[in-house]
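Read through the structure below, which is laid out as structure tokens, and then see the notes.
Throughout, residue positions are numbered sequentially from 1 according to the sequence presented.
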Amino acid sequence: MNLRVVAVAALAALTACSPRPSGTGAADFNTDLPMTEYMGHVVDPAAFMYWKGSGTVIDDKGEHDLSPTTDEGWDVLVTGASILVEAGNTLQLPHRVRAPQAEWNKYAKLLSERAMIARAAAEKHDKTAVFDEGGRLYEVCVACHEKFIIEPELKANGAAKGDPLPALPGSKAK
């Protein structure tokens, strides 16, 4: 037997013993959930899990720190930030990306990056950093909404007619 035949036979034997992926091996993502529902049921709740555990509220009884006071409370913030990290990833999946794609992906990546930093702040129980990073997360959300919700709405329908704000009590309504 010549060396070439032995090499081919050995290669065939090794290939036969190698594990093979089932099907095509390609990822199969279900992105059927409309973006408004994805935001409303995944991104928004995760963001509020994080934001509700930072800052202060001032009411008639005084100033109240919203920071968690237990490990379980801090874990809620870690969980919210963790979900946001993964949300930024899933927003870049095929059929979720919006045009212009480069800007969409920029905001999605920023969401993940800033959520990782926010997560680290929550893991450290750092009240100041949690508040600051929550603000940075909010900046990403606002910028993305401006680009992908507000601008298209204005382009499609023009500016709102009239005064969009309600009249203040005691003021003269026009």
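The two residues Phe29 and Pro94 come nearest to each other via the heavy atoms CD1-CD, 4.3 Å. What you find for Pro68 and Gly53 is that their closest heavy atoms are CD-O, 3.4 Å. Heavy atoms only, all atoms of each residue included: Ile83 and Ala46 are closest at CG2-CB, 3.4 Å. Taking every heavy atom of both residues into account, Leu137 and Ala115 meet most closely at CD2-N, 3.6 Å. Of all heavy-atom pairs between Asn89 and Ser112, the closest is N-OG, 3.4 Å. Closest heavy-atom contact between Ala159 and Leu154: CA-CD2, 3.8 Å.
At least one side-chain heavy atom of Leu33 sits less than 4.5 Å from a side-chain heavy atom of Arg96. Side-chain atoms of Asp59 and His64, non-hydrogen and from C-beta on, do get closer than 4.5 Å to each other. Leu66 places none of its side-chain heavy atoms less than 4.5 Å from the side chain of Lys52.
Using a 4.5 Å cut-off between side-chain heavy atoms of Ile, Leu, Val, Met, Phe, Trp and Tyr, with links allowed through other members, Leu111 and Tyr38 fall into the same hydrophobic cluster. Taken together through direct or relayed side-chain contacts under 4.5 Å among Ile, Leu, Val, Met, Phe, Trp and Tyr, Trp104 and Tyr107 form part of one hydrophobic cluster. Linking Ile, Leu, Val, Met, Phe, Trp and Tyr whenever their side-chain heavy atoms come within less than 4.5 Å puts Val130 and Tyr138 in one cluster. By the criterion of side-chain heavy atoms lying less than 4.5 angstrom apart, applied directly or through intervening Ile, Leu, Val, Met, Phe, Trp or Tyr residues, Val97 is grouped together with Met39 in one hydrophobic cluster. Residue Leu93 is not grouped with residue Met35 when hydrophobic side chains (ILVMFWY) are merged at heavy-atom distances under 4.5 angstrom, including chains of intermediate members.
Taking CG of Asp32 as the start and NE2 of His95 as the end, the distance is 9.5 Å to the nearest 0.5 Å. Here Asp126 contributes atom CG and Asp132 contributes atom CG; the two are 8.5 Å apart, rounded to the nearest 0.5 Å. Note that CD of Glu72 is 9.5 Å distant from OG1 of Thr69, once rounded to the nearest 0.5 Å. One finds the CD atom of Glu133 at 12.5 Å from the CG atom of Leu77 (value rounded to the nearest 0.5 Å). Thr56 contributes atom OG1, which lies 11.0 Å from atom NZ of Lys127 (distance to the nearest 0.5 angstrom). Atoms CD1 and SG, from Ile149 and Cys144 in turn, are 7.0 Å apart once rounded to the nearest 0.5 Å.
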query: Taking it one step at a time, do Glu86 and Val42 satisfy side chain to side chain contact (heavy atoms under 4.5 Å, CB included)?
result: CA-CA 10 Å; Glu86 292 303 329; Val42 177; over 6 Å; no
- request: Under the side chain to side chain contact (heavy atoms under 4.5 Å, CB included) rule, what do Glu63 and Val57 come out as? Steps first, then yes or no, please.
  value: CA-CA 6 Å; Glu63 187 172 320; Val57 171; over 6 Å; no
query: Given the rule in the side chain to side chain contact (heavy atoms under 4.5 Å, CB included) test, do Val76 and Tyr50 qualify, once you have shown the distances and angles that lead to the verdict?
result: CA-CA 7 Å; Val76 170; Tyr50 190 84; over 6 Å; no
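When the shell of 6.0 Å around CE of Met49 is examined, it contains more than 12 heavy atoms from other residues, nucleotides or ligands. Heavy-atom neighbours of Phe131 CZ from other residues, nucleotides or ligands within 6.0 Å: at or below the threshold of 12.
Between His125 and Trp74, the ring-plane angle classifies as parallel under the 30° and 60° cut-offs.
For the 3.5 Å distance criterion, the side chains of Ser82 and Arg119 qualify, holding a donor opposite an acceptor.
Sorted by first and then second residue, the salt bridge (Lys or Arg N to Asp or Glu O under 4.0 Å) pairs involving residues 137-152 (not counting sequence neighbours) are Glu103-Lys147, Arg114-Glu139, Lys147-Glu151.
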